[in-house]
Amino acid sequence: MAAIAQVEPLTSTRALSGPFDYAIPEDLRASVRVGSLLRVPFGRQELLGVVVGLSDRSELDSERLRAPRAAVGAGVPADLVELADWIARAYCSTRARALTLVLPPGAGGGVGEQRRLVATLTAAGEGAIAGAQRVTPKQRELLERLARAGASSASALAVDHAALRRLEARGLIELVARAQRRAPEHTVVGVRGGTPELNPEQIAAVDALLEAMQTGGSRLLFGVTGSGKTEVYLQAAADALQRGRGVIVLVPEIGLTPQTVTRFVDRFGDTVALLHSGLSAGERHDEWLRLRRGEARICVGPRSAVFAPITDLGLIVIDEEHDASYKHEGDPRYDARAVAAHRAQQASALLLAGSATPRPESYARMPRLRLALRADRSALPAVEILDMRDARGVLHERTADALGELRRAHGKGIVLLNRRGWSNFLSCRHCGKVWGCPECDVALVLHQAQRTISCHHCGHREEVPARCDACGSASVARHGLGTERLEHELTAALGDEAFPVFRLDADVAVLKGRAAQVLARFDDAPAGLLIGTQMVAKGHDFAGISLGVVLDADATLRFPDFRSEERTFALIAQLAGRTGRGRTPGRVLVQTLTPDARAIVYAAVHDSEGFLVGELERRAALGYPPSGELIRVVCSSEVEGLALRMAHELRTRLAIPQAQVLGPAPLFRLRGRERAQLLVKAGERDAAVAAVGLAVGARLHRDVAVSVDVDPQ
Ligand code: ADP
Ligand code: ZN
Ligand code: ZN
């Protein structure tokens, strides 16, 4: 048994990096292992730390070694410690920060188990029922109930603890405190049913997966929208369980994908644990423990579920693998898809990524399994491109007609506008002032319901101005259109009791559970309209949608980003995917100012493959992923001009073989900090990451913060 524990203290300061040696006291030696959580003395404070290694001896004198104060809980499995180590290296972060990703929820925060009191009848209690002891009528009734029901909890018996304690004191019952699971609830949305008989395409895919599971590796389930990918995941998961192996299922934001959760819970019951931020701390803690103890063997959740403490992992599913939510936007800036790939490799598990619109990277790198037909054999909807260059107003004539027709026919439709709020920006008609964020160089967006104008980057908000504070004019113009105003206008034009209009966007979804509620209400409604941002195009399986509309399809194309085409394509194809399922034939209208854009043209003919092939050629020509690796380095500072100067300085320090460094380019000011970016395009990833890590590790300037984003999205 090892005498020395190498402990990484969990602090966010980069300067403090361990591991540090601690002498394990005799009584802890049997239980301390790699992954154990310890409370350790550190300087004059006490910190939580994770054991990252064990040893028989230390370089330090034994008198100088200190001992941990206590072990905290069961700790994390050793392979997650290794995974955290890899994340720290792969994303230029610290081991401590990466370790916090894999810790039990609420570690160190005092979230404990919830106990409940359970009563059982003793022999003396049975005697009391028979009249051997005197009891009150109420007590007798309680004892009789216990005799009928067997062991019951205090809450099931509906009596207070004091009454039970009195019976316990007389030896008539026995009381034990048992851990009580706080089980999360999930909203039920969408078509539910039993296990359908798989069609030949699905059977072929499942067969191929079962074989692949023997050896591990990765597969892309490239199936058109509605082709029954979820059924394939379920079968593969069932097979993994049968082999005694665990399963992780990653889904985009859980509030938006309640259907997938429902299907897994329906099929596998209690062996499914849910891990997501919508749960209470207690629920998360309990679900995590059920996984850690092996009581649950399938974990369903968003990107952080990739860290679920599952031993003997056999399968990791990534549903809607193109979804942007898989990338984490805080240090470490990990990509759950890459972490999943690494973890699968570590465990010799199979990685299964599914999408109708996969990323070019996945399409190029992973062996593909194709589902070319919809499970219900319905045709994909006809898509019409509507040229808005000479249209007046927000809606094209044909769109307005189609919406009117939909209402008359009591049908259902979805309208996508990827911009929330009422209008994009306000300006003064007299002096031209544009209301901007004081902390960021962006315009403030009007939110009518909240009576505010607010910054979508830092959250700054102000009251809606009645007049211009620069010139005093009361003539303030509102420009552009967001989902809030669209909802207002379409409700006025079309909405009534028989044709309700629903809205779903980030403003609606800030309330816990609201997104799932809106989806459920829209699903239940026999007719109506769902309006919203890209949230409405996620993998929902609604029956009876006959019309899909995309307004301003170019909104995503205008982003100066090499992924903007891929995003635009996915958005249109995914919305089309919600349309025309079952017996309802579908139709999709796409309003655009660039009707010839490649992403739009290919999406209109449902040609994912054609789009991907062209996209890969374009990327190869430009050295973008997967034909090259990208690393983004951003310097930021509150001091004027400093961020850009330091980015120049950093550039001279970056000597990376086979790499090209672009920039520095100034970015817009964010949260009061000026920013400048360098973009590294490299041929070989590990070497480039290491070189960037080295350059960034040495301190630049005390007033400059540097952040590194490997594989920026
Ligand atoms: P995807 O995830 O590929 O978009 P889903 O898994 O949501 O598709 O399936 C679409 C619909 O088809 C669901 O309602 C599902 O229950 C149904 N379905 C899946 N497989 C079959 C099958 N073999 N036979 C009949 N219906 C199926
Ligand atoms: Zn003015
Ligand atoms: Zn701001």
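FYI, side chains are in, hydrogens and waters are out, and symmetry mates aren't considered; it's all heavy atoms of this structure.
A 4.5 Å side-chain heavy-atom check between C440 and L670 finds at least one atom pair inside the cut-off. In this structure the side chain of K433 reaches within 4.5 angstrom of the side chain of D469, judged on heavy atoms. For the pair V518 and L530, the minimum side-chain heavy-atom distance is below 4.5 Å. Using a 4.5 Å cut-off on side-chain heavy atoms (C-beta onward), F562 and P625 make contact. Residues H701 and V639 form no side-chain contact, since every pair of their non-hydrogen atoms from C-beta on lies 4.5 Å or further apart. Between L426 and L444 there is no side-chain heavy-atom pair separated by less than 4.5 Å. Annotation: side chain of L529 is in contact with side chain of L406 (closest heavy-atom distance under 4.5 Å). Within the 4.5 Å cutoff, no side-chain heavy atoms of P302 are placed close to those of S325.
Under 4.0 Å is where a charged nitrogen must lie from a carboxylate oxygen, and between E320 and K538 no such pair does. Salt-bridge annotation for R563 and E361: present, with a side-chain N of the basic residue lying under 4.0 Å from a carboxylate O of the acidic one. R359 and E566 are not joined by a salt bridge, as no carboxylate oxygen comes within less than 4.0 angstrom of a charged side-chain nitrogen. Look at D441 and R675 and you find no salt bridge, because none of the NZ, NE, NH1 or NH2 atoms lies under 4.0 Å from a carboxylate O.
For the pair N418 (side chain) and Q534 (backbone), a donor-acceptor distance under 3.5 Å is present. Side-chain atoms of R669 do not come within 3.5 Å of backbone N or O of E638 as any donor-acceptor pair. For R284 (side chain) and P105 (main-chain N/O), no donor-acceptor pair under 3.5 Å exists by modelled atom type. Without hydrogens or angle criteria, R419 side chain to L481 main chain gives a donor-acceptor distance under 3.5 Å. Within the 3.5 Å criterion, the main-chain N or O of H396 finds a donor-acceptor partner in the side chain of Q591. A donor-acceptor pair under 3.5 Å is formed between the side chain of R578 and the backbone N or O of Q574.
Across every non-hydrogen atom of P500 and A525, the tightest pair is CG-CB, 4.3 Å. Pairing each heavy atom of L250 with each of A340, the nearest pair is CD1-CB, 4.4 Å. For the residue pair V704 and S637, the shortest heavy atom distance occurs at CG2-CB, 4.1 Å. The two residues T556 and A553 make their nearest non-hydrogen contact at OG1-O, 3.7 Å. For R467 against G472, the heavy-atom pair with the smallest separation is NH1-O, 2.7 Å. Closest approach of R587 and A402 over heavy atoms only: NH1-CB, 3.8 Å.
Note that CG of D711 is 6.0 Å distant from OH of Y91, once rounded to the nearest 0.5 Å. Taking CD1 from I631 and CG from L678, the interatomic distance works out to 11.5 Å, rounded to the nearest 0.5 Å. Considering SG of C458 and CD of E439, their distance stands at 6.0 Å, rounded to 0.5 Å. Atom CZ of R558 is separated from atom OG1 of T568 by 10.0 Å, given to the nearest 0.5 angstrom. T357 OG1 to E321 CD: the interatomic distance, rounded to the nearest 0.5 Å, is 8.0 Å. Considering CE of M535 and CG of D505, their distance stands at 6.5 Å, rounded to 0.5 Å.
Crowding of H488 atom NE2: a count of heavy atoms from other residues, nucleotides or ligands under 6.0 Å not exceeding 12. Other residues, nucleotides and ligands contribute only 12 or fewer heavy atoms inside 6.0 Å of the CZ atom of R521. Other residues, nucleotides and ligands contribute at most 12 non-hydrogen atoms within 6.0 Å of the CD atom of E397.
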Subject >> Chi angles and distances behind the side chain to side chain contact (heavy atoms under 4.5 Å, CB included) call for T483, V508 >> reply: CA-CA 11 Å; T483 45; V508 173; over 6 Å; no
**OP:** Under the side chain to side chain contact (heavy atoms under 4.5 Å, CB included) rule, what do L275 and F307 come out as? Steps first, then yes or no, please.
**Re:** CA-CA 10 Å; L275 279 184; F307 305 114; over 6 Å; no
**OP:** Give the intermediate values and the outcome of side chain to side chain contact (heavy atoms under 4.5 Å, CB included) for residues R567 and D561.
**Re:** CA-CA 10 Å; R567 291 231 173 88; D561 176 353; 3.5 Å; yes
**OP:** Step by step, work out the side chain to side chain contact (heavy atoms under 4.5 Å, CB included) result for R581 and D541.
**Re:** CA-CA 8 Å; R581 291 190 180 193; D541 179 29; 2.5 Å; yes
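Between T592 and D554, the side chains place a donor N or O and an acceptor N or O closer than 3.5 Å (distance only, hydrogens not considered). A donor-acceptor contact under 3.5 angstrom links the side chains of R673 and S636, judged on distance only.
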Table please: side-chain donor-acceptor pairs of residues 445-455 below 3.5 Å, with sequence neighbours left out.
unit_1: H447; atom_1: ND1; unit_2: D507; atom_2: OD2; d: 3.3
unit_1: H447; atom_1: NE2; unit_2: H456; atom_2: NE2; d: 2.9

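Just one of R303, H328, Q713 meets the side-chain contact (heavy atoms from CB on, under 4.5 Å) condition when paired with D335; it is Q713.
Ring planes of F502 and F522: perpendicular class, angle over 60° (limits at 30 and 60°). Taking the six-membered ring for Trp and thresholds of 30 and 60 degrees, F425 and H479 have nearly parallel ring planes, at less than 30 degrees apart.
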